[in-house]
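To start, the structure itself, in structure tokens.
This structure is a prediction, so every number in the text was calculated from the model and none was measured.
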Amino acid sequence: MSRRNLATLELIGDLLSEFDLQDVRYVHWKSNTNIARALSGVDDLDILVHPEDRSTAELIFQKLRIIRARSPKDGWQQGLYHFVGMDVGSCKLVHVHVHYALPVGFDYDKNFVLPVVQTYLTNRWKSGPIYLPEVEKEYAILVLRLIIKNGLTPFMLELPHRQLKRLLSARRGVVRGGGYAEFRDLAARADRLRLEQVLADDFSFLDRAVFNLCEETVQANNSLLAYAHAASALGKNLRPFATNNGLLSLAKSFYRINKERVQKAFARLSAQPHGGKFLLTGGRMIAFVGGDGAGKSTNVQALYSTLGRELAVAKLHIGRPPRSFAGIASRIVARACRAGRLRAHYEAFNLLAVALDRAAAFRKGERLRQAGRVVVVDRVPLPGITRMDCPRIHLLARGRFQWLAKWEAALHRRVTGVDSLIVLKLDPQIALSRRPEDDPNELLSRSGEIWNDHWHAPYAVPIDTGINPPEDVARQVLSIAWASCVAPFARCELVGLSGVGKSRVLAELRERLPNLTPALPYWRYPMSTLTGAALGVPTALRALLHSKHWHAAKNCLQLFAAVRLLSRFERSGFPATHLILDQGPVFQYALAMRELSVSHQGHIAARNACRHLSVINLVARRETVFLRAASRRNHFGRVPLNSRKEFDEFCDGYEKYLSRAAAEAARCTVIDAEVAPSQVAEQILTSGALR
């Protein structure tokens with residue numbers, strides 16, 4: 001029996017085709033009564049993959065930009081992983097549950113792992129583009145699932161009013177809706193003789209009397225007590241395959257369900273986002289800027305809704321930010337000024353309050369991104385834009401409030417570091433026709449700055465919403481956002497001789513990657529930094545005695561602090577930013593080896609730290625490097641420039657130890673730095689050296 005003409009999303013079709021090409025053994029293991037809904041992206045896909053084909057399947061996911069996501073429930077059942085991809089054509093997020101085992105049980109503790117993965121994959125049959133298991137096997141597992149999910153433990157963990165409701169409605173059906181419809185569909189299609197054979201051959205661990213009891217209970221479907229009795233008998237039968245005993249499973253479920261209830265209640269009270277899955281690539285901030293009538297609010301909401309179907313998302317409006325404590329304090333001062341008839345002061349402190357609110361809202365967005373959420377940001381300040389979301393105090397009273405104006409400008413400069421910026425452009429004349437109720441001069445001025453490219457943001461992606469239909473704009477927005485989410489953050493270090501141009505290249509990279517950190521954030525983790533530096537004191541003293549130079553001791557302290565910080569990141573997660581370091585642990589390790597100041601334990605720790613990073617080695621001819629280094633006004637004295645011979649000897653030694661340190665890194669890419677810094681930066685971005 002085969003089901004034809006299923007409305008399959010392009011991404012799902014590509015995934016299933018790749019599975020077939022690579023001979024991945026899989027089936028869509030449950031809920032196949034509604035398989036058309038899963039193939040069309042309405043429901044999730046539940047794919048059971050043979051454990052031996054796991055690496056092949058995950059390479060296919062990577063190829064199709066379907067990426068891993070984590071959920072707080074991941075540890076509650078064995079062998080389940082979440083993958084999420086974007087079908088841009090339909091503007092849908094596709095969620096794939098990938099199973100390498102078959103756990104069954106209550107949602108908050110899948111306690112039984114059935115030993116039937118390999119047999120479940122045999123005799124599979126193809127329905128349209130997807131493989132399904134034998135109906136009889138799916139039916140047998142559905143009976144077990146329905147019994148366990150409606151047993152005594154789930155009932156005990158429900159809130160009292162829900163328990164009462166279930167007791168009163170049990171006569172009308174304990175299992176309702178799609179679950180019971182699926183049972184009836186499979187029962188009607190299952191061949192009883194084949195079912196007998198499946199139970200005897202593939203489910204031989206299952207007592208036939210217990211299965212009959214479970215099947216009869218679901219067929220009657222009118223007694224909670226009968227479900228509890230059947231679940232108890234089934235639990236005893238499946239005890240050899242249980243990961244926890246019944247009491248421990250109940251305790252774990254009790255803790256998990258009540259923890260989730262508390263978190264939801266707290267999220268409602270604090271107006272904080274809750275729920276959703278977190279991408280393993282980390283959180284992102286995707287910002288929109290646009291003129292009036294360009295469709296900014298529409299596309300912000302559309303992106304938020306699409307991603308929020310599966311992912312942990314948040315939405316912030318920087319143009320009209322929520323009030324912060326600092327902003328409220330500034331408004332109190334403004335009201336005092338108004339009471340004193342200081343009109344200009346009143347306006348200045350109100351404008352400062354808005355800047356304080358924007359900075360506070362953006363800091364909140366950074367925290368949410370660090371927590372793993374995708375943050376959709378409505379409006380951010382842009383250099384060159386002077387008509388909206390920009391400093392204004394300097395325009396008051398002929399520039400009288402200089403210190404407030406500097407403060408306001410500094411606050412707006414802090415609102416930077418998004419991962420993607422989408423600029424929606426619209427011809428001001430079209431905008432005027434779309435919004436005739438707005439002030440024409442104000443609208444033409446505000447929209448004109450965006451339309452005429454008065455802003456500076458090399459990393460931004462402009463979209464003309466006047467010539468592109470709304471559905472095409474939505475697809476472009478989703479494509480840009482998903483490309484940002486899929487690409488992992490860079491974890492690398494620029495190395496090279498002094499004068500090779502690392503600082504200029506890094507400045508060019510910051511123009512293209514606004515969410516870039518050029519140094520490890522020691523100040524954010526003071527305890528880890530101080531602990532690491534303290535561990536490096538003996539080594540630093542040895543370096544000082546050997547070299548007679550305080551820079552060697554300082555380098556050792558920085559190396560040990562970096563090792564400690566990277567170890568912390570390995571345990572708790574790296575910052576949600578591109579880490580592209582200049583004079584990071586690879587450089588510090590090379591310099592420490594050159595000073596002969598690293599102990600055996602120090603070597604081990606430094607090597608482990610270097611393995612977290614890839615290395616981009618900028619190289620240039622010695623003549624070029626010597627001239628560049630000699631031309632610097634404030635040259636650091638570590639590199640000798642008295643003669644070319646001394647310089648060459650230093651470079652030979654430096655490159656020797658640097659190559660040793662770079663060999664410990666995850667990957668080393670050599671880039672020619674003879675050309676302009678902008679070309680070097682472009683080569684780094686296009687060569688894949690950051691990935």
Side-chain angles (χ1 to χ4, degrees), residues 270-273 283-305 307-308 312-331 349-371 373-394 405 407-426 442 446-447 449-450 454-457 459-463 477 480-481 484-485 513-516 576-577:
S270 59
Q272 294 289 334
R284 294 294 189 275
M285 290 184 74
I286 301 167
F288 288 79
V289 172
D292 298 314
K296 178 170 49 60
S297 299
T298 301
N299 282 281
V300 165
Q301 184 59 41
L303 179 62
Y304 176 77
S305 300
L307 297 181
V313 297
K315 183 169 61 173
L316 293 176
H317 201 309
I318 302 297
R320 293 191 295 271
R323 294 194 175 187
S324 62
F325 287 114
I328 291 171
S330 183
R331 287 181 177 87
F349 278 101
N350 268 334
L351 290 173
L352 179 64
V354 174
L356 290 165
D357 293 342
R358 284 176 179 152
F362 194 79
R363 286 195 301 271
K364 177 182 177 181
E366 290 179 315
R367 291 193 297 270
L368 292 169
R369 174 174 62 186
Q370 182 58 39
R373 294 188 177 275
V374 178
V375 185
V376 183
V377 182
D378 193 339
R379 288 166 44 180
V380 290
L382 278 184
I385 298 298
T386 61
R387 300 298 300 174
M388 57 182 176
D389 308 330
C390 60
R392 295 177 181 274
I393 294 178
H394 65 282
W407 189 2
E408 182 195 33
L411 290 168
H412 278 86
R413 285 195 298 270
R414 292 181 193 173
V415 185
T416 185
V418 300
D419 298 287
S420 293
L421 176 62
I422 300 171
V423 180
L424 301 179
K425 302 176 63 176
L426 181 65
E442 181 69 15
R446 287 161 57 97
S447 297
E449 285 190 323
I450 301 293
H454 289 174
W455 42 276
H456 175 74
Y459 55 91
V461 181
I463 300 176
V477 166
I480 295 164
S484 176
C485 292
L513 301 171
N515 183 23
L516 185 152
T577 180

How would you list, by chain and number, every residue that makes a side-chain contact (heavy atoms from CB on, under 4.5 Å) with [X], sequence neighbours excluded?
X	answer
A457	L382, L421, W455, Y459, A460
K315	V300, Q301, Y304
A409	P391, R413

Hey, what do you get for [atom1] ([X]) to [atom2] ([Y]), rounding to the nearest 0.5 Å?
X	Y	atom1	atom2	answer
I385	H454	CD1	NE2	8.0 Å
M388	S447	CE	OG	7.0 Å
R369	R367	CZ	CZ	12.0 Å
L351	I393	CG	CD1	5.5 Å

Could you tell me which non-hydrogen atom of [X] sits nearest to which non-hydrogen atom of [Y], and how far apart they are?
X	Y	result
T416	E366	O-OE2, 4.3 Å
V415	P381	CG1-CD, 3.5 Å
L424	I450	O-CG2, 3.9 Å
A287	V418	CB-CG1, 3.8 Å
R373	A312	NH1-CB, 3.2 Å

Is any side-chain heavy atom of [Y] closer than 4.5 Å to one of [X]?
X	Y	value
D292	L426	no
F288	V377	no
V423	V461	no
L411	L352	yes
V375	L316	yes

K296: partners by salt bridge (Lys or Arg N to Asp or Glu O under 4.0 Å), with sequence neighbours left out: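 Residues passing salt bridge (Lys or Arg N to Asp or Glu O under 4.0 Å) with K296: D378.
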The criterion is salt bridge (Lys or Arg N to Asp or Glu O under 4.0 Å); which residues satisfy it with R387, sequence neighbours excluded? E442
Determine whether I286 and L303 satisfy the following criterion, side-chain contact (heavy atoms from CB on, under 4.5 Å), listing intermediate values before the conclusion. CA-CA 10 Å; I286 301 167; L303 179 62; 4.0 Å; yes
Between V376, D419, N515, which is the residue that forms a side chain to side chain contact (heavy atoms under 4.5 Å, CB included) with M285? D419
Using a 3.5 Å cut-off and no angle test, enumerate the donor-acceptor pairs between side-chain atoms of residues 353-363 and protein atoms at least two apart in sequence or in another chain.
from : atom 1 : to   : atom 2 : distance (Å)
D357 : OD1    : S324 : N      : 2.9
D357 : OD1    : S324 : OG     : 2.7
D357 : OD2    : R331 : NH1    : 2.9
D357 : OD2    : R331 : NH2    : 2.8
R358 : NE     : I318 : O      : 3.2
R358 : NH1    : H412 : NE2    : 3.0
R358 : NH2    : G319 : O      : 3.3
R358 : NH2    : D389 : OD1    : 3.1

Please test V374 against C485 for side-chain contact (heavy atoms from CB on, under 4.5 Å), starting from the C-alpha separation and ending with a verdict. CA-CA 8 Å; V374 178; C485 292; 4.2 Å; yes
Quick check: does any side chain N or O of S484 sit under 3.5 Å from a backbone N or O of S420, one acting as donor and the other as acceptor? no
